[in-house]
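Just so it is clear, the model here is predicted, and its values are computed rather than measured. The figures here come from the full heavy-atom set of this structure, side chains too, leaving out hydrogens, waters and symmetry mates. First the proteins, then the strands, lettered A, B, ... as listed; each starts at 1.
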Amino acid sequence: MENEKNEARPLNFLEKIIEDDLKNGRVPDNKIVTRFPPEPNGYLHIGHIKSICINFGLAEKYGGRCHLRLDDTNPAKEETEYIDSIKEDIKWLGFDWGKYEFYASDYYDQLYEIAINLIKEGKAYVDELSAEEMKEYRGSLTEPGKNSPWRDRSVEENLRLFEEMKKGKYPEGSLTLRAKIDMASPNINMRDPALYRIKYAHHPRTGDKWCIYPMYDFTHPISDAIEGITHSICTLEFEDHRPAYDWACSIDGIEHTPHQYEFARLNINYLLMSKRKLLYLVNNHLVSGWDDPRMPTISGVRRRGYSPEAMKDFVSRVGVAKVEGVVDYSLMEFCVREDLNKRAKRLMAVLDPLKIVIDNYPDGKVEYFEAEDNPEDENSKKHKIAFSKNLYIEKEDFMETPVKGYHRLYPGNEIRLKYAYYIKANSIEKDENGNILAVHCTYDPESRGGTTADGRKVKGTSHWVSADHALVAEVRQYDKLFKAECPGAATGNYLDDLNPDSLKVIPAAYIEEEGAKAKVGDYLQFIRNGYYCVDMKDSSAEHMVFNRTCTLKDSWAKQKAKMGL
RNA sequence: UGGGAUGUAGUGUAAUGGUAACACUGCAGAUUCUGGUUCUGCCUUUGGGGGUUCGAAUCCCUCCAUCCCAGCCA
């Protein structure tokens, strides 16, 4: 099913490059090797799904392999918790790196040796410039930089200093090891980039073994080279680093030469993908955590009830290119709905109840009707639904004085209760303030099962539950976290665009009994209400909690809006 | 103002010298025991200006717009 959809798609620019490389024998053993290299400093988000799908997807498609490499070169920011969540998220998406799990820190010894050789070749030096001084010496975007006064130390002195740096003789920030490239380069990344800095931080994997840590521009290309990566795919902001990447790959002793390619990262309107901003939301309890169902994290969308297949379909539809754009949220919702429509089990749930009394239905009588689990599935199973005299329907399915175009229940109008009977509204029971307490109806016994012998049609079909049989559960109605397409665009502060209605809790919704069987991971549709899932954290057998994954398309709501209602 | 990149319907992505298309959105209609699904139709596109060519989204020149880069972050 998934493959059919992908087959028709044209090649993206990376696939073209790879096919060309393969065709021209530029790939060792004709096996491409890619890698997904997250820094374990936060939770993966939807943007990472694109990168994961590209890297693992390309490897799958061309019979190569994809490495998982945790880019752990900055112990100040990285934590084991993040490593674990990253692995879980990739697995959830259905990708498997097998034995190819690596850490940049696996290469610390090799990197150190390479640095020593660089020094010996006069291609690296220990600098004593402070951070501020280094900034000054770097020049600006328009002006060239100038050489550090420490640039021309002897090899011996550099070797000694670097050795001492490693041994912990110097405080943080006092010394760096720098590549000797070109302080006048128009590309700032080539103005003697730092290779190593001193950092007295506990590393999640190497502990306190090291107090000097290699920088990205040094570590990444060499890690790629060591692992035999053929196509090192990253996002656009690293384009400027490609010369540095190529510089590192050309260091003596590096035999394998990987190549870097850049694609545009995924942006989606109404969503924020910045780790810093997401972290703020978490720390300030504006959401319940990284896995809050409103978060654009992988753990968030998982808990929200999106399926990995839907997310993969989504990024596949977005495509891969070098144009920086913003994808419509509606495309993602489309993918989620399309996926869920095919797989979600249908249940009837009344979220905003209006009591219905079927006056001509015998007291205490209970009938069971059969409901299809999924009408989209030919082999759908069925389940039973209890019907009785006292029912609930949605409040919005009844109007005392109907507006134009309304074809649900109103006095004198006949509708169908799905799978059950036709009913007609007779009278309205109100309290002293005029609030409706119940609507009294009569049912047509001839319409049993939802159709009549005379073949007459009704325009409305409502879902319902039997008041005496319903499961009472909590329902969390999630909506977009931000109400603006580009949060913060108007005021400069994304918090101003937080959607105050992003979560509405319904403490006691009525759900048909079958709902009690729902488990974490099940995909559900509450008929006419939306797609739902069982909350993986807060739901229990005694107190079930359902999350709204997304709404159904609602053309009636649109029509009403147009009429100004 | 230095360097690097990118401009194709509202959005995303194809078309690499030969009829500009696919998907989403939007709009209209049909079907429907979910105002869902499904089906049909409609809307709208090559940033501007030159040039090469029988022919340009595609090649050349130029202008414009947008994004990225001055961490001892990745």
Side-chain angles (χ1 to χ4, degrees), chain A residues 8-12 37-39 41 71-74 76-78 104 127 129-131 134-136 138-145 172-178 185-191 193-199 212-213 215-217 219-220 234-243 262 264 269 275 317-335 337-338 341-342 346 348 371-372 375-376 405-408 415-420 422 449-451 457-463 525-530 551-560:
Chain A
R9 250 161 234 151
L11 298 183
N12 64 48
E39 180 187 13
N41 68 345
D71 217 339
D72 55 350
T73 55
N74 186 355
K77 288 185 175 180
E78 295 148 8
D127 200 354
L129 253 26
S130 68
M134 201 183 282
K135 190 180 161 88
E136 273 177 50
R138 186 155 30 236
S140 72
L141 292 177
T142 52
E143 298 155 318
E172 258 181 46
S174 59
L175 298 180
T176 54
L177 182 74
R178 290 231 259 168
S185 171
N187 182 341
I188 292 184
N189 297 306
M190 297 300 272
R191 318 242 261 232
L195 264 23
Y196 271 90
R197 78 287 213 186
I198 298 171
K199 205 154 254 186
I212 55 170
Y213 290 94
M215 301 287 290
Y216 170 86
D217 275 336
T219 312
H220 204 91
C234 62
T235 45
L236 247 27
E237 67 267 29
F238 291 99
E239 274 174 327
D240 285 344
H241 292 255
R242 195 172 347 131
E262 310 87 8
N269 56 15
K275 272 184 192 170
R317 284 169 187 267
V318 166
V320 182
K322 298 189 73 140
V323 189
E324 297 172 87
V326 183
V327 177
D328 278 335
Y329 189 90
S330 62
L331 180 63
M332 186 170 70
E333 280 204 316
F334 167 81
C335 294
R337 288 193 183 112
E338 189 184 54
N341 177 50
K342 287 194 210 101
R346 270 64 169 175
M348 296 207 280
E372 274 187 305
E376 301 295 315
Y406 188 82
H407 48 246
R408 302 178 187 178
I415 63 157
R416 171 170 38 231
L417 293 179
K418 193 172 173 70
Y419 298 124
Y422 285 9
T451 46
K457 303 272 189 204
V458 287
K459 276 192 148 183
T461 298
S462 281
H463 59 280
Q525 183 193 99
F526 291 169
I527 292 175
R528 301 208 303 141
N529 268 316
T551 59
L552 259 26
K553 274 209 269 184
D554 189 348
S555 57
W556 170 239
K558 270 186 190 171
Q559 196 178 322
K560 273 196 296 185

With [X], which residues qualify under side chain to side chain contact (heavy atoms under 4.5 Å, CB included), at least two apart?
| X | answer |
| --- | --- |
| A:A371 | A:H383, A:I385, A:Y419 |
| A:V327 | A:L266, A:F314, A:V318, A:L331 |
| A:E262 | A:C234, A:L236, A:E239, A:R242, A:Q260, A:K322 |
| A:Y406 | A:M399, A:P402, A:V403, A:R408, A:Y410, A:W556 |

Could you pull out the protein-nucleic contacts involving nucleotides 64-69 of chain B (nitrogen or oxygen on both sides, under 3.5 Å)?
from, atom 1, to, atom 2, distance (Å)
B:C67, O2', A:E324, OE1, 2.6
B:C67, O2', A:E324, OE2, 2.9
B:C69, O4', A:D240, OD2, 3.4

Who are the side-chain hydrogen bond (donor to acceptor under 3.5 Å, both in side chains) partners of [X], not counting sequence neighbours?
| X | value |
| --- | --- |
| A:T142 | A:S140 |
| A:K418 | none |
| A:R138 | none |

Summarise protein proximity over nucleotides 16-30 of chain B in one line of letters, 5' to 3': B for base, S for sugar-phosphate only, - for none, counting protein heavy atoms closer than 4.0 Å. -------SSSSSS--
Kindly write out the residues that satisfy ring pair (Phe, Tyr, Trp, His ring centres under 6.0 Å) with A:H463, not counting sequence neighbours, or none if the list is empty.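 If we apply the ring pair (Phe, Tyr, Trp, His ring centres under 6.0 Å) test to A:H463, skipping adjacent residues, there are no hits.
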Tell me, please, which residues at least two apart from A:Y422 pass ring pair (Phe, Tyr, Trp, His ring centres under 6.0 Å).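 Partners of A:Y422 by the ring pair (Phe, Tyr, Trp, His ring centres under 6.0 Å) criterion come out as none, since no residue qualifies.
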Between B:G36, B:G35, B:G71, spot the one nearest the side chain of A:M215, thanks.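 The nucleotide sitting nearest to the side chain is B:G71.
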Pair pattern of RNA chain B in dot-bracket, where unpaired bases get dots and | marks partners in another strand, Watson-Crick or G-U under 3.5 angstrom: .((((((..((((....[..)))).(((((.......)))))....(((((..]....))))))))))).....
